[in-house]
Amino acid sequence: MNDAAILPGHLVSDALLDREFEERLAEASTLAFRVAYGVLRRREDAEDVAQEAAVRAYRSFASLRNRDRFRGWLVRIAWRLALDRRRSDQRREARESAAWDEPSPSRTAEDLAAARQTQERVFRALDALPESLRIVVVLAAIEGHGMREVATLLGLPEGTVKSRLHDARRRLLETLR
């Protein structure tokens, strides 16, 4: 006798949903980790982010309309979580270093304020980019991955990565002018 014959209908559908999630996660989890690692550059942090992405994906899996797009969906979750983690870490490090560091005599308060304003403008411009362009910029221009590596990480053709990076740079230049 099979399990379906002795389980109520909603438990059968829950079990099938769980099995489908596990299969899709097995196919996509490595890419989610690699994207997180590309942003964070620390294995432990990337593992945490990939695991959190899997948990969030599991919670929302039943409502995912097109399950064939699970891989990209999981990668986007991991990417966003990794960016959030990196920003949080950067803010914490800035607070900690500000508490311990003496201001450099060669840089004036005006220099520091101008540098901070420029950095904020760049981050705002980067945040304003569409997600498909922003992830390519983060991985290629900020994290230093090559075109082929970015294409592999995102599961895209190399030409698509190149054109997205070109488009993103053009838009950033227009925004920052």
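Sequence positions, counted from 1, serve as the residue numbers for this chain.
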Pair up each side-chain donor or acceptor in residues 115-122 with any protein partner under 3.5 Å, not counting sequence neighbours, and list the distances.
unit_1	atom_1	unit_2	atom_2	d
Thr118	OG1	Ala114	O	3.0
Arg121	NH2	Leu176	O	2.6

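- When hydrophobic side chains of Ile, Leu, Val, Met, Phe, Trp and Tyr are connected at separations under 4.5 Å, Leu173 ends up as a singleton with no cluster partners.
- Distance CZ/Arg43 to CG/Asp48: 11.5 Å, rounded to 0.5 Å.
- Atom CZ of Arg41 has more than 12 heavy atoms from other residues, nucleotides or ligands within 6.0 Å.
- At distances below 3.5 Å, not a single donor-acceptor pair connects side-chain atoms of Ser88 with backbone N or O atoms of Asp84.
- Residue pairs meeting the ring-ring contact (aromatic ring centres under 6.0 Å, His included) criterion with at least one member in residues 155-177: none, sequence neighbours excluded.
- Judged as a salt bridge (charged side-chain N to carboxylate O under 4.0 Å, His left out), and not counting sequence neighbours, the contacts of Glu20 are Arg24, Arg67.
- Using a cut-off of 4.0 Å between Lys/Arg side-chain N and Asp/Glu carboxylate O, Arg171 and Asp167 are scored as salt-bridged.
- Ala82 meets the side-chain contact (heavy atoms from CB on, under 4.5 Å) test with Ala36, Val39, Leu40, Val49; sequence neighbours excluded.
- Of all heavy-atom pairs between Ala46 and Phe33, the closest is CB-CE1, 3.5 Å.
- The ring-ring contact (aromatic ring centres under 6.0 Å, His included) contacts involving residues 71-93 comprise Phe70-Trp73, where partners must be two or more places apart or lie in separate chains.
- For the pair Ala53 and Leu74, the tightest heavy-atom approach, listed with the atom from each and the gap, is O-CD1, 3.6 Å.
- With sequence neighbours excluded, no residue satisfies salt bridge (charged side-chain N to carboxylate O under 4.0 Å, His left out) with Glu110.
- For the atom pair CG of Asp45 and CG of Asp89, the computed distance is 6.0 Å after rounding to the nearest 0.5 Å.
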Please tabulate, one pair per line, all N/O donor-acceptor pairs under 3.5 Å involving side-chain atoms of residues 127-136, not counting sequence neighbours.
unit_1	atom_1	unit_2	atom_2	d
Asp127	OD1	Arg87	NH2	2.8
Glu131	OE1	Arg80	NE	3.4
Glu131	OE1	Arg80	NH2	2.3
Arg134	NE	Leu129	O	3.4
Arg134	NH2	Leu129	O	3.3

Only distances under 3.5 Å count here; give the side-chain donor-acceptor pairs of residues 55-65 to other protein atoms, sequence neighbours excluded, each with its distance to 0.1 Å.
unit_1	atom_1	unit_2	atom_2	d
Arg56	NE	Glu52	OE2	2.8
Tyr58	OH	Asp18	OD1	3.0
Ser63	OG	Ser60	O	2.9

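- Each salt bridge (Lys or Arg N to Asp or Glu O under 4.0 Å) pair with one or both residues in residues 28-38, not counting sequence neighbours, would appear here, but there are none.
- Taking a cutoff of 4.0 Å between a charged side-chain nitrogen and a carboxylate oxygen, Glu174 and Arg170 qualify as a salt bridge.
- In the hydrophobic cluster analysis, where Ile, Leu, Val, Met, Phe, Trp and Tyr join through side-chain heavy atoms closer than 4.5 angstrom, Met147 is grouped apart from Tyr37.
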What side-chain donor-acceptor pairs closer than 3.5 Å can you find for residues 150-164, not counting sequence neighbours?
unit_1	atom_1	unit_2	atom_2	d
Thr152	OG1	Arg148	O	3.0
Ser163	OG	Thr160	O	3.3

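- Between Leu25 and Ala54, the shortest heavy-atom distance links the atoms CD1-CB, 3.9 Å.
- For the salt bridge (charged side-chain N to carboxylate O under 4.0 Å, His left out) test, no residue two or more places apart in sequence or in another chain qualifies with Arg124.
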